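A short worksheet on the structure shown next.
Just so it is clear, the model here is predicted, and its values are computed rather than measured.
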Amino acid sequence: MQILIINGPNLNLLGRREPGIYGTRSFDSYLPELQEAFPDIQLEYFQSNHEGELLDKLHEVGFTYHGIVLNAGAFTHTSLALADAIAAIATPVVEVHLSNVAAREEFRQHSYISRVCVGTITGFKLDSYRLALHYFEGLRPKRVGFKV
């Protein structure tokens, strides 16, 4: 099973950016823990501060990967283009946010991408990614063995 985690703008600053909201760890330091916790999933990671690069990556993997975990950052609240790209691809996308966006500023409480994602996980800091991966893990075909 191949899953891509995509982080959008400013998420390259995790661990340094507003640690009271986003925590004190970088995503790069967390990724090995995810890879160890999900050994049967081939995890890849991509981060960009540029909307067009995020669109290109969705188009690139959106018909071949088993799932995408997307933290679109501020583009969540502004990008119709990302919503259109998610709607156009076949790969299911789970939207994640580190903070509880429903408890934050009013403009953060609207997501253009939620309606085209299979689900949204918010407020669990870096563990939001782990919870999203559990969703995809549950989609894996189970082998059924029969004793003869």
Task: Ser79 side chain to Thr76 backbone, donor-acceptor under 3.5 Å - done: no
Open item on the list: Measuring from atom CG of Asn10 to atom CZ of Arg17, what distance do you get when rounded to the nearest 0.5 angstrom?
Closed with: 4.5 Å
Open item on the list: Distance check, rounded to the nearest 0.5 Å: Thr78 atom OG1 versus Glu51 atom CD?
Closed with: 6.0 Å
- [ ] Indicate whether the side chain of Tyr30 and that of Asp127 have a donor and an acceptor atom separated by less than 3.5 Å.
- [x] yes
Open item on the list: Tell me if the centroids of the rings in Tyr129 and Phe27 come within less than 6.0 Å of each other.
Closed with: yes
Task: Heavy-atom closest contact (Thr91 atom, Tyr65 atom, distance) - done: OG1-O, 3.0 Å
- [ ] Find out if a path of hydrophobic residues (ILVMFWY) with successive side-chain heavy-atom gaps under 4.5 Å connects Val69 to Phe124.
- [x] yes
Task: Thr120 side chain vs Ser114 backbone, donor-acceptor pair below 3.5 Å - done: no
Task: NE2-CG distance between His66 and Leu4, expressed to the nearest 0.5 angstrom - done: 13.5 Å
Task: Minimum heavy-atom distance Gln47-Gly8, with the two atoms named - done: NE2-O, 2.9 Å
Task: Spacing of Asn7 atom CG and Leu98 atom CG [to the nearest 0.5 Å] - done: 7.5 Å
Open item on the list: Before you tell me yes or no, could you show the steps for Val94 and Phe136 under side chain to side chain contact (heavy atoms under 4.5 Å, CB included), namely the whole-Å CA-CA distance, both residues' side-chain angles and the distance that decides it to 0.1 Å?
Closed with: CA-CA 9 Å; Val94 173; Phe136 287 115; 3.7 Å; yes
- [ ] Flag yes if Ile5 and Val118 sit in one hydrophobic cluster, no otherwise; membership is Ile, Leu, Val, Met, Phe, Trp, Tyr, and two members link when side-chain heavy atoms are under 4.5 Å apart.
- [x] yes
Task: Considering all heavy atoms, the nearest Tyr112-Ala83 contact - done: O-CB, 3.3 Å
Open item on the list: Could you tell me if the side chain of Leu58 sits less than 4.5 Å from the side chain of Ile68, heavy atoms only?
Closed with: yes
Task: Pair Leu34-Arg130, side chain to side chain contact (heavy atoms under 4.5 Å, CB included): steps then yes or no - done: CA-CA 7 Å; Leu34 290 176; Arg130 180 180 52 79; 3.9 Å; yes
- [ ] Grab the two heavy atoms, one from Thr122 and one from Ser99, that are nearest each other, plus how far apart they are.
- [x] CB-O, 3.6 Å
Task: His97 backbone acceptor or donor facing Ser128 side chain under 3.5 Å - done: yes
- [ ] Name all residues meeting the side chain to side chain donor-acceptor pair (under 3.5 Å) criterion together with Ser26; count only those two or more places apart in sequence or in a different chain, and write none if there are none.
- [x] Ser29
Open item on the list: Restricting to side chain to side chain donor-acceptor pair (under 3.5 Å), what partner residues turn up for Glu53, sequence neighbours left out?
Closed with: Ser48
Task: Between CG on residue Leu31 and CD on residue Glu44, distance to nearest 0.5 Å - done: 10.5 Å
TODO: Look at the side-chain heavy atoms of Ile, Leu, Val, Met, Phe, Trp and Tyr, link any pair under 4.5 Å apart, and say whether Leu11 and Leu131 land in one connected group.
DONE: yes
Open item on the list: What's the separation between atom CD1 in Ile86 and atom CG in Leu55, rounded to the nearest 0.5 Å?
Closed with: 9.0 Å
Task: Heavy-atom pair with the smallest gap, counting every atom of Lys125 and Gly20 - done: NZ-O, 3.7 Å
Task: Verify same cluster id: Val93, Phe38 (apolar side-chain graph, 4.5 Å) - done: no
Task: Ile6-Tyr45 co-clustered via ILVMFWY side chain contacts under 4.5 Å - done: no
TODO: Output yes when a side-chain donor or acceptor of His110 lies under 3.5 Å from a complementary backbone atom of His77, and no otherwise.
DONE: no
